[in-house]
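Worksheet: one structure, shown below.
In listed order, ligands and their atoms are each counted from 1. The first residue in the sequence is number 1, and the count goes up from there.
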Amino acid sequence: MNHCPVLPPCMILYYSPQEKSFLAGPANDNQPALIEVTNEEAHFLMLCDGNLTISEIAARLHRDEGDVKTIATKFSGEPHAVLQFLEEEKNEYTPDPHTEIAYQILNELDSANSYTNNITQLHQYHTETISDAVEQFESTETTIAHAYSRPHPSLGGVSYGAKFAKELSEIGLIDKGKAILEIGGGTGYLARDFLKYLKDNKPRTYKHIHYTMLELSPVLIKSQKEQTALHCPVISHVTGDALAAPFSSGTFSLIIANEMIADLPSVRMKKEWVDNGSADQIPRESLPALKFIKNFNIPVDDAFPEFLVNLGAWQMMEKIYHLLSHGGTAVIIEYGSPCMYPVAVHLKEHTEYSIHFGHLEKIANKLGFETRLEGLADFLKMDPDVQVLNSASFGTLNQSILPHFNMKPLPTLSFTPEMLGEFLGDLYHNLHNLQFHPLKEAAGPGNPSAFYALTLFKREAQPS
Ligand SMILES: C[S@@+](CC[C@H](N)C(=O)[O-])C[C@H]1O[C@@H](n2cnc3c(N)ncnc32)[C@H](O)[C@@H]1O
């Protein structure tokens, strides 16, 4: 047999010559999934990285090939059936769909849901259901800002919020006297680190800015106040809905909305409504979207007969135009695509919708914005080659290995090998088959590759 045995990405081998070694997988019925292995088996499994054939492994172990085949059969056959065999030498990571699927966000076009997932429900979710700020982003909806809330090598050794401030100040967007608005600031980590960066690195600018946080959830606004308490002279907090923001025209010179617009309602649309619908056939909540399509000439020729549109995000473009002063800038970060129609992202107790950035840009341009759309990693100048842990290994660590050792679960962060080593201490050196991949291709907590940054520049006022 010339095939190379490989452990699936979700399996982690714990090997200790002095203690019992085991192979761990994702939890089964909430119970850690562990298979005890002998030292001899562990030595074999450590070499199952998809690069060596059975005979090469036998040579490395100074064992008879027949003995090694017997061990391989134990792990490839029932009841364990964990070992896979690659036909060619593995030279590139290809996620195994069966082991990765449980960790992927469930994406699907769910048009029926858009009827019920209306403004009232979303409003209620944010004002009443969110009950714990940290838990919200640790387990319900981990954002990129949350996964990179600690200094990270891909961000040049600073956190997401600090890098955000650094990049914006380097392109001259945070000058003296800037009135900044952050909409939907979650835990408040981004604001905290943004302001700390300015305080430490641009103290004169820091003294002359004012940072306002607008937030719908009372629990999150409390967390935002706590996180930014040190910056109290330059910060204020306002409870309210972004689409009904209680500020007058031209109040802000910089607006930030980080992973917030996907929380706004999306509605169902049909080609036939666009082509020849009469108002009485069209559901009430879709009517404003139809008006946008007509008024802003939004191209929907490439859509399926039924599709979703990001109505809330479209309305937000108008709101932002209104709130920005002339010469002001807004930065909108969200999950989505330049050309894909919204898909539902089902999270615990609420559904969000990915953003069709092409439509958003079209509206922004018509409103009078100059725009720039780029990948989030490019916008923040993240290092795409930094190695980070994938979600399969993250899941097995938290579901099986750490509970086995009565250790606290890992926080939901994008872990480099060094960061994981620091968290796990000695245990880290006993673990094998941990999957790290370059950030540009990793499917782990906080993978920025499907996120975009849309920068909106409002032109200076024309001299009268
Ligand atoms: C997915 S979270 C992102 C939080 C944070 N910006 C981050 O990146 O971690 C969305 C945030 O927007 C807030 N939000 C949702 N809908 C809102 C609305 N209509 N008006 C104001 N804030 C809203 C949520 O409460 C939450 O703080």
Side-chain angles (χ1 to χ4, degrees), residues 105 117-150 159-161 163-164 180-194 211-228 237-247 255-266 310-320 323 330-336 345-355 376 379-380 411-414 445-448 451-453:
I105 296 172
N117 195 3
N118 57 25
I119 299 172
T120 321
Q121 276 198 341
L122 279 167
H123 200 278
Q124 222 166 9
Y125 174 76
H126 288 99
T127 50
E128 293 170 23
T129 312
I130 297 176
S131 59
D132 181 307
V134 175
E135 198 46 34
Q136 180 71 15
F137 296 98
E138 272 293 296
S139 63
T140 303
E141 48 175 345
T142 299
T143 58
I144 307 284
H146 189 81
Y148 291 85
S149 55
R150 303 195 190 180
S159 69
Y160 188 91
K163 187 73 159 98
F164 215 98
I180 303 171
L181 172 67
E182 187 190 350
I183 307 175
T187 50
Y189 295 167
L190 188 157
R192 175 197 65 193
D193 296 350
F194 187 102
Y211 198 103
T212 305
M213 299 191 80
L214 173 66
E215 172 59 55
L216 196 51
S217 152
V219 170
L220 296 181
I221 211 161
K222 181 168 175 282
S223 171
Q224 290 165 18
K225 282 182 183 166
E226 287 163 4
Q227 291 299 328
T228 58
H237 302 268
V238 177
T239 308
D241 185 338
L243 294 178
F247 308 107
I255 297 179
I256 297 167
N258 194 72
E259 286 196 54
M260 181 267 150
I261 58 168
D263 281 65
L264 299 171
S266 287
N310 302 118
L311 174 61
W314 293 359
Q315 291 166 327
M316 182 91 162
M317 290 295 102
E318 290 189 309
K319 195 75 199 167
I320 288 176
L323 295 178
V331 183
I332 317 287
I333 311 280
E334 195 46 277
Y335 171 70
V345 180
H346 300 293
L347 301 165
K348 264 187 231 161
E349 295 166 334
H350 78 296
T351 300
E352 297 186 357
Y353 293 90
S354 67
I355 298 296
L376 173 58
F379 170 76
L380 281 183
T412 311
L413 295 173
S414 176
N447 172 13
F451 286 79
Y452 285 81

- Report yes if the side chains of Pro218 and Thr239 come closer than 4.5 Å at any heavy-atom pair, otherwise no. no
- Any donor-acceptor pair under 3.5 Å from Glu215 side chain to Ile221 backbone: no
- Query: Within the distance-only criterion (no hydrogens, no angle test), does the side chain of Asp263 pair as donor or acceptor with the backbone N or O of Glu352 below 3.5 angstrom?
  - Reply: no
- Query: Any side-chain donor paired with an acceptor under 3.5 Å for Glu259 and Tyr335?
  - Reply: no
- Query: With side chains defined as the heavy atoms from C-beta onward, is the minimum distance between Glu334 and Phe451 less than 4.5 Å?
  - Reply: yes
Extract all N/O-N/O pairs under 3.5 Å that connect ligand 1 to the protein, and present each with both atom names and the distance rounded to 0.1 Å.
residue  : atom   : partner : partner atom : Å
ligand 1 : 6 (N)  : Gly184  : O            : 2.8
ligand 1 : 6 (N)  : Asn258  : O            : 2.7
ligand 1 : 8 (O)  : Asn258  : O            : 3.4
ligand 1 : 8 (O)  : Asn258  : ND2          : 2.8
ligand 1 : 9 (O)  : Thr143  : OG1          : 2.7
ligand 1 : 19 (N) : Asp241  : OD1          : 2.9
ligand 1 : 20 (N) : Ala242  : N            : 2.8
ligand 1 : 25 (O) : Glu215  : OE2          : 2.5
ligand 1 : 27 (O) : Gly186  : N            : 3.0
ligand 1 : 27 (O) : Glu215  : OE1          : 2.6
ligand 1 : 27 (O) : Glu215  : OE2          : 3.4

- Task: State, with a plain yes or no, whether a side-chain heavy atom of Phe164 is found less than 4.5 Å away from one of Ile333.
- Result: yes
